[in-house]
Amino acid sequence: MAIIKKFDLASLESICKILGETTDGLTGTEISKYLSECNIKDPQINSTKWKRLYDSLTLKQKEDQCANNIVAFIQHVIRPSRHVDNQNWFEHIRTKLNYVLSFEGYEITESGSIKYVSTVKTFSEAEERASQLKKILIDRNIHPDVLSFCKAELLVDNYFHAVFEATKSIAEKIRVKTNLTSDGSELVNQAFSYKGKVPFLALNNLTTESYQSEQKGFMNLLKGIFGTFRNTTAHAPKITWKINKQDALDILSMISLIHRKLDNAIEAKKIYEGSV
C-alpha cells in the first residue's frame, strides 16, 4: 500500500469528534474493541471518548510518520457489513466523515473503502456551493423539506449526496403519514394502491376515471424517482454517477413537487366516510 501522508491534526481531531460524539458516535466499549483489533494502543489518558480516540490515533500517526493506519482504522469502523442493522447511521457518519476527509483528499465510498478525490482547500468552497444552490432553489419557491438537504457537508465533492438524501425524504414522509414501514415501490403500492381496498393516501376523491388516472400517474412518478435516483445512487459508486448543478436543480425541483403533493394528500378513509 502506498504511503499516505500524515493527516493534519485539525482534521484528525474532527474525525475523532465525529466517531466519539456523545449521541451518534461509537460507545466506549466499541472504541476499545476497534482500537485493539487494529493494533492501535489506547493510552487512556482521557475518559472523554473523542479525546481517547484522538490520543490513540495521533500517537499511532506520530509513530508511523504516515496516516496509513488511521485510514485502516476508519475503514475498519465504517465497514458496511458491521452496520447492516443501522444503515442510516452508516450514511450519516459517512457523510460527516467525508466532509472532513475531503480536506485531506479522500472519501469513504458506499462500500466503506477510502479513495482519492480532489482536495477541498477551504470550508468556504463547500459553503459557497451550498449557498448558491440554496439561493436558486429559494427563488424557485422550493419546498422547505427539500431546502434542508442543501448543506455544505452534502456538497463537498458534487451534488450526489444532496439528491440522494432528498429522495430518501419522500419515503420518510409517506411513512410518517401512513405508519407503514416498507420502502421503495413496495411502500408506494401499500400507501396509494386502491384496487379492492381503501388506500392510505389519495391525491383526490378517486370518484372519476381522471382522478384515478392521476393517482396511478403519481404512483408511477414515485416509483420512477426511487428507481432512477434513490436505488441508483444507493448502489452506484459516486464516481460513476455524476450529478452537476443543473441536474441537481431539476431533480430537487421534482422532489419539491412531490412533497407538496404529499402534504395535500387525503387520508383516503375520509373519502369513504364522506368527510371529503
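Residue numbers count from 1 along this sequence.
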Which residues share a ring-ring contact (aromatic ring centres under 6.0 Å, His included) with [X], sequence neighbours left out:
X	value
Phe90	none
Tyr54	none
His76	Tyr34

**Report entry** Audit row: Cys16, Leu57, side-chain contact (heavy atoms from CB on, under 4.5 Å) steps and yes/no
**Finding:** CA-CA 9 Å; Cys16 292; Leu57 297 185; 3.8 Å; yes
Once you round to the nearest 0.5 Å, how far does [atom1] of [X] lie from [atom2] of [Y]?
X	Y	atom1	atom2	result
Glu107	Ile114	CD	CD1	10.0 Å
Ser56	Ile45	OG	CD1	8.5 Å
Ile3	Asn68	CD1	CG	5.0 Å
Ile174	Leu187	CD1	CG	5.0 Å
Leu19	Leu53	CG	CG	6.0 Å
Leu252	Thr167	CG	OG1	9.5 Å

Query raised in the report: Quick one: are Lys245 and Ile136 in side-chain contact, heavy atoms under 4.5 Å?
Result: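 When only atoms from C-beta onward are counted, Ile136 and Lys245 do touch, with a gap below 4.5 Å.
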Requested in this report: Dump the intermediate steps for side-chain contact (heavy atoms from CB on, under 4.5 Å) on Tyr99 and Ile18, then the final yes or no.
Outcome: CA-CA 11 Å; Tyr99 193 29; Ile18 292 168; over 6 Å; no
To check you understand the geometry: which heavy-atom pair defines the closest contact between [X] and [Y], and what is its length?
X	Y	answer
His83	Val77	NE2-O, 2.8 Å
Asn204	Leu206	OD1-N, 2.7 Å
Gln75	Gly112	CG-O, 3.7 Å
Ser11	Val100	O-CG1, 3.5 Å

Query - Stepwise side-chain contact (heavy atoms from CB on, under 4.5 Å) test for Gln212 and Thr208 - result: CA-CA 6 Å; Gln212 292 169 14; Thr208 68; over 6 Å; no
Any link between [X] and [Y] through a network of hydrophobic side chains (Ile, Leu, Val, Met, Phe, Trp, Tyr) touching at under 4.5 Å?
X	Y	answer
Val146	Met254	yes
Val188	Tyr211	no
Ile40	Leu59	no

Query raised in the report: In this structure, which one of Val71, Leu97, Ile4, Asn98 forms a side chain to side chain contact (heavy atoms under 4.5 Å, CB included) with Tyr106?
Result: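 The residue from Val71, Leu97, Ile4, Asn98 that satisfies side chain to side chain contact (heavy atoms under 4.5 Å, CB included) with Tyr106 turns out to be Ile4.
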Query raised in the report: Checking side chain to side chain contact (heavy atoms under 4.5 Å, CB included) against Ile255, which of Ile142, Asp250, Ile170 comes through?
Result: Ile170
Excluding sequence neighbours, so at least two apart, what forms side chain to side chain contact (heavy atoms under 4.5 Å, CB included) with [X]?
X	answer
Lys33	Glu37, Arg82
Ser185	Lys223
Gln61	Lys6, Phe7, Leu9, Leu12, Ala67, Ile70
Asp139	Lys135

When you measure from the side chain of [X] to the backbone of [Y], do you find a donor-acceptor pair of N or O atoms at a distance under 3.5 Å?
X	Y	answer
Ser14	Ala10	yes
Ser148	Asp145	yes
Ser253	Leu249	yes
Thr48	Trp50	no

Hydrogens and angles aside, do [X] and [Y] bring a side-chain donor and acceptor to less than 3.5 Å of each other?
X	Y	answer
Thr29	Thr27	no
Arg175	Thr181	no
Arg52	Ser32	yes

Requested in this report: Apply ring-ring contact (aromatic ring centres under 6.0 Å, His included) to Phe200 and Phe192, showing your working.
Outcome: CA-CA 6 Å; Phe200 283 90; Phe192 293 93; 9.6 Å; no
Report task. Can you tell me which residue pairs pass the salt bridge (charged side-chain N to carboxylate O under 4.0 Å, His left out) test with a partner in residues 64-75, sequence neighbours excluded? Result ->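 Only Lys60-Asp64 qualify under salt bridge (charged side-chain N to carboxylate O under 4.0 Å, His left out).
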Query raised in the report: For atom CD of Gln65, is the number of surrounding heavy atoms from other residues, nucleotides or ligands below 6.0 Å larger than 12?
Result: yes
**Report entry** Test: Glu172 and Lys168 ion pair at under 4.0 Å
**Finding:** no
Using salt bridge (Lys or Arg N to Asp or Glu O under 4.0 Å) as the criterion, list what pairs up with [X], not counting sequence neighbours.
X	result
Lys5	Glu104
Asp24	none
Arg94	Glu91, Glu110

Report task. Test Leu26 against Lys49 for side-chain contact (heavy atoms from CB on, under 4.5 Å), laying out the working first. Result -> CA-CA 8 Å; Leu26 303 172; Lys49 291 189 297 180; 5.9 Å; no
Query raised in the report: Going through the distances and angles, do Glu21 and Lys17 end up as a salt bridge (Lys or Arg N to Asp or Glu O under 4.0 Å)?
Result: CA-CA 5 Å; Glu21 203 272 328; Lys17 285 181 176 178; over 6 Å; no
Under 3.5 Å donor-acceptor pairs involving side-chain atoms of residues 256-263, not counting sequence neighbours:
residue : atom : partner : partner atom : Å
Ser256  : OG   : His143  : N            : 2.8
His259  : ND1  : Lys173  : NZ           : 3.0
His259  : NE2  : Ser169  : OG           : 2.9
Arg260  : NH2  : Asn141  : O            : 2.3
Asp263  : OD1  : Lys173  : NZ           : 2.8
Asp263  : OD2  : His143  : NE2          : 2.5

